[in-house]
Amino acid sequence: MKLILLGAPGAGKGTQAEKIVNKYNIPAISTGNILRAAVKDGTEMGLKAKSYMDAGQLVPDEILIGIIKDRLKEKDCENGFILDGFPRTIPQAQALEDMGVSIDKVLDIEVADEAITKRMSGRRVCSKCANSYHIEYKKPAKDGICDACGGELIQRKDDAPETVQKRLVEYHQMTEPLKDFYEKLGKLVIVEGQEEVADTTALVFAALED
């Protein structure tokens, strides 16, 4: 099973990717991780990417896709894979098609912006031990204090409402058009994200096995 996972930041993609990995025993491939690995390993594409990174420039799509193609040739991808975080734009998706990377399904997890903002902006982490909480869904015994170590609970900058909303705007502008792209190819499958993770997972598995 060869999959692309789509969804706005905070839609729960990462959690569902883990569930799919565990059930189908296929690797989840994150662009950032394989880019760093290629640079560390000194591959031909990794060295090309490093030259751009060292200059503070974005790595061109053709190099990113070259690194992804190299990664997909590895043995653990023989029975399939999940691409998470790539493609992000129509040109990247088209380049992936042009280079012959075969995809079976594109799974889009849909959650309303309001629900994502509420979910992410309500998160709190312990400043000492990094345990995570939520002001609605996983409250500490004492407001603002970590149950485990007594540390202060803080809101990360990434979880501030204005940051979340900015990331959502970027997603809608850059990445959401991929839905139309893959729908025209007959590969798009949409799953409505639910309040409970287990309910979303059940819908994801049903969609993949359909």
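Keep in mind it's a predicted model, so treat the numbers as computed, not measured.
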Practice task
Keeping the roles fixed (side chain from S132, backbone from V125), state whether a donor-acceptor pair exists under 3.5 Å.
Solution key: no
Problem - salt bridge (Lys or Arg N to Asp or Glu O under 4.0 Å) between D76 and R71, worked out - result: CA-CA 9 Å; D76 64 338; R71 175 66 182 88; 2.8 Å; yes
Exercise for the section: Using modelled atom types only, decide if a donor and an acceptor are shared between the side chain of Q92 and the backbone of D61 within a distance under 3.5 Å. Expected result: no
Exercise for the section: Would you confirm whether K105, through its side chain, and A207, through its main-chain N or O, come within 3.5 Å as a donor-acceptor pair? Expected result: yes
Practice task
Would you indicate whether E44, at its atom CD, is surrounded by more than 12 heavy atoms from other residues, nucleotides or ligands within a distance under 6.0 Å?
Solution key: no
Exercise for the section: Looking only at non-hydrogen atoms, find the nearest pair between K187 and D104 and report the distance. Expected result: CG-O, 4.0 Å
Exercise for the section: Answer yes when D108 and K13 have at least one side-chain N-carboxylate O distance shorter than 4.0 Å, and no when they do not. Expected result: no
Problem - Basic-acidic side-chain contact under 4.0 Å: R167, E170 - result: no
Handout entry: Shortest non-hydrogen contact between M1 and L3, atoms and distance
Key = CG-CD2, 3.5 Å
Handout entry: Flag, side chain of E136 to backbone of H134, donor-acceptor distance under 3.5 Å
Key = no
Practice task
May I ask you to check whether over 12 heavy atoms, not counting those of N33, lie within 6.0 Å of atom CG?
Solution key: yes
Practice task
First locate atom CE of M99, then atom CD of E62, and finally report the distance between them rounded to the nearest 0.5 Å.
Solution key: 9.0 Å
Practice task
Please tell me if the side chains of D147 and N131 come closer than 4.5 Å, counting only heavy atoms from C-beta onward.
Solution key: no
Problem - Electrostatic pair K118:E114 at N-O distance under 4.0 angstrom - result: no
